[in-house]
Amino acid sequence: MVQSRSSGDGLLAILPIHFDLPAHAIPLHTFVRTAEQAEVIIASLNRELFDGKLKYEMLVLPPQEGSFKSRIGVYLFGGWLAVWTFTESDIGQAFIRGLTLQEPAHWAEQAGSAIREQIVSNDDDGNTGEADDASADDEANCHAAAEFLVDATKSFLQTDVAELESVGITTTRFRDGFSARNEFYEACAATPDIRAVGFEDEPVFPINRSGFARLQVVLPPVKDENDEPWLTDIVDLKVTSPNWEREDRHRSWKARDAKGRERLFRIEDEEFWGLVKAEQLNIHIMDTIKVQWAFQGKASSPKNIRVLRVLEFNGDVLSDALDDNALAAILGAHSEIATDQGDLFADRGGQRVE
């Protein structure tokens, strides 16, 4: 069980990195490198499994006397519902069986009926946002969610790549996480006094020096973003920070989508900028716009967002959407998304994006 303690409106879950070595000291750079790579792995799991919805802070705690443990604290204070939504899914069930140190029944018990009812209620309402993080049960919910996150991190650090890939944790999708794991074990291997590593408070060290090399994997080449397919959609946005300087390449437009998620983008619509120059827009303190945009990545976490057409501005119709031929002329290969939900292990080539 992960050690934890509540703290105000959040929860601290502890990930011990236990070094087996003859002395009670290690080089500073080994301590820093291993701690930093654990943080990268946690960020990768949060991004790829929970769409970056977990709100947390990483802390370094003092080692316990009589051993050398790098004790990493995960201070989780929001986004817990994303964990239980994931564990209730088919993909989440496969993930639990293949990666975490607990059985699915354990996490189902941690989630409890109240959380499952919240998940069903959100699905029925079409609401995929987080639950109210100010409820009286937040501390218990964050406690269990933090345990899951730390348990998954511990398993990621010590599970063979073939087993990880069998549940969808591939070196392509989780390249950042595997790169961090490589560097973690490179740091251990470069410190001759480290005989083995474990991830419990007890002196249990399942990864010996031969395991340092075994758990390092060959990574695929970094994917050139220019080769990623473009996805298109029409969305409504509330502008929170416009940028009326068209030639300013340092600051993007900032807005929130229908689910309250922050989006950064650039507007490439010539007709729109013509109206701006002619001062023919009805500008409010908080503008609302309907746009046709293109982006790369997942629908839930788009990147390189390009607004190709501003269709409406504060309710005033400005133009029609571009048809498929016009989109192809601008973007080349592209596809239109079906919904804004995203899919954890969807094909990112545009054939199946939900």
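This chain uses plain numbering: 1 for the first residue, then up along the sequence.
- Taking the side chain as every heavy atom from C-beta outward, L215 and D160 approach each other to under 4.5 Å.
- The 12-atom threshold is exceeded at CG of D323, counting heavy atoms of other residues, nucleotides or ligands nearer than 6.0 Å.
- Taking the six-membered ring for Trp and thresholds of 30 and 60 degrees, F295 and W293 have ring planes more than 60 degrees apart, a perpendicular arrangement.
- In this structure, the side chains of K154 and E200 come closer than 4.5 Å at one or more pairs of heavy atoms.
- No donor-acceptor distance shorter than 3.5 angstrom exists from the side chain of D193 to the backbone of L21, with no hydrogens or angles considered.
- The backbone N or O of R214 sits nowhere less than 3.5 Å from a side-chain atom of Y185 that would complete a donor-acceptor pair.
- Note that CZ of F199 is 12.5 Å distant from CG of D151, once rounded to the nearest 0.5 Å.
- Salt-bridge formation is detected for the pair E186/R33: a Lys NZ or Arg NE/NH1/NH2 atom is positioned less than 4.0 Å from an Asp or Glu carboxylate oxygen.
- When every heavy atom of R263 is checked against every heavy atom of F265, the shortest pair comes out as O-CD2, 3.9 Å.
- Put simply, the side chain of S319 gets close to the backbone of V310: a donor and an acceptor are under 3.5 Å apart.
- Within the model, atoms CG of L45 and OG1 of T153 stand 5.0 Å from one another, a figure rounded to the nearest 0.5 Å.
- I14 and V204 are assigned to two separate hydrophobic clusters, defined by single-linkage of ILVMFWY side chains at heavy-atom distances under 4.5 Å.
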Working for side chain to side chain contact (heavy atoms under 4.5 Å, CB included), residues W230 and I330
CA-CA 10 Å; W230 289 98; I330 297 171; over 6 Å; no
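- In this structure, the side chains of Q292 and L327 come closer than 4.5 Å at one or more pairs of heavy atoms.
- Note on I234: it does not cluster hydrophobically with L308, by side-chain heavy-atom contacts below 4.5 Å among ILVMFWY residues.
- Taking hydrophobic clusters as Ile, Leu, Val, Met, Phe, Trp and Tyr residues chained together by side-chain heavy-atom distances below 4.5 Å, F31 does not share a cluster with V40.
- The aromatic rings of W253 and F272 sit perpendicular to each other, their planes meeting at more than 60°, with 30° as the lower class boundary.
- One hydrophobic cluster, built from ILVMFWY side chains closer than 4.5 Å, holds both F313 and L275.
- Taking the side chain as every heavy atom from C-beta outward, T288 and D236 never approach each other to under 4.5 Å.
- A196 approaches N208 most closely through the heavy-atom pair CB-CA, 3.8 Å.
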Step by step, work out the side chain to side chain contact (heavy atoms under 4.5 Å, CB included) result for L164 and F178.
CA-CA 11 Å; L164 292 174; F178 279 103; 3.6 Å; yes
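- Pairing each heavy atom of P242 with each of V239, the nearest pair is N-CG1, 3.7 Å.
- Within the model, atoms OG of S252 and CD1 of I267 stand 10.5 Å from one another, a figure rounded to the nearest 0.5 Å.
- At distances below 3.5 Å, not a single donor-acceptor pair connects side-chain atoms of S179 with backbone N or O atoms of R175.
- For the pair R181/I41, a side-chain contact is recorded, criterion being any heavy-atom separation below 4.5 Å from C-beta on.
- Using a distance-only test at 3.5 Å, with no hydrogens or angles considered, a donor-acceptor pair links the side chain of T240 to the main chain of K254.
- Side chain of R309 to main chain of D269: no donor-acceptor pair is present (N/O by atom type, distance under 3.5 Å, no hydrogens or angles).
- Interatomic distance, CG of L149 versus OH of Y56, reported as 7.5 Å (0.5 Å rounding).
- For the pair E39 (side chain) and A35 (backbone), a donor-acceptor distance under 3.5 Å is absent.
- Residues D20 and H18 bring no donor and acceptor atom of their side chains to less than 3.5 Å of each other.
- Ion pairing between E270 and R246 holds under the 4.0 Å rule for side-chain N and carboxylate O.
- Residues L322 and T232 have side chains not in contact (no heavy-atom distance under 4.5 Å, counting atoms from C-beta outward).
- Open room surrounds CD on E279; 12 or fewer heavy atoms of other groups in view lie less than 6.0 Å from it.
- Side-chain contact check for I289 versus V307: every heavy-atom pair is 4.5 Å or farther apart.
- Using cut-offs of 30° and 60° on the angle between ring planes, the pair W273 and W244 is perpendicular.
- The aromatic rings of F50 and F148 sit perpendicular, their planes meeting at an angle over 60°, well past the 30° parallel limit.
- Linking ILVMFWY side-chain heavy atoms closer than 4.5 Å, directly or via other members, places V276 and L311 in two distinct hydrophobic clusters.
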Test side chain to side chain contact (heavy atoms under 4.5 Å, CB included) on D324 and H334 and set out the steps.
CA-CA 9 Å; D324 193 62; H334 68 281; 2.9 Å; yes
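- The heavy-atom pair separating Q158 from P206 by the smallest distance is OE1-CG, 3.5 Å.
- Between L61 and L12, the closest side-chain pair of non-hydrogen atoms falls below 4.5 Å.
- Atom CZ in R306 sits 11.5 Å away from atom CZ in R266 (nearest 0.5 Å).
- Annotation for A13 and V150: closest pair CB-CG2, 3.8 Å, computed over non-hydrogen atoms.
- Counting only distance, with no hydrogens or angles, the side chain of S166 and the backbone of E163 share a donor-acceptor pair below 3.5 Å.
- Aromatic rings from F19 and F205 are positioned such that their centres are separated by 6.0 Å or more.
- Summarising the geometry, atom CG belonging to D176 is positioned 5.0 Å from atom CZ belonging to R47; distances are rounded to the nearest 0.5 Å.
- A pairwise comparison of heavy atoms in C142 and G78 identifies SG-N, 4.1 Å as the closest pair.
- A donor-acceptor pair under 3.5 Å is absent between the side-chain atoms of N304 and the main chain of Q296, judged by distance alone.
- Side chains of R261 and S300: no donor on one and acceptor on the other come within 3.5 Å.
- The hydrophobic cluster analysis finds V317 isolated: no Ile, Leu, Val, Met, Phe, Trp or Tyr side chain comes under 4.5 Å of it, directly or through other members.
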Derivation and outcome, side chain to side chain contact (heavy atoms under 4.5 Å, CB included), residues L318 and L281:
CA-CA 9 Å; L318 303 186; L281 293 178; 4.1 Å; yes
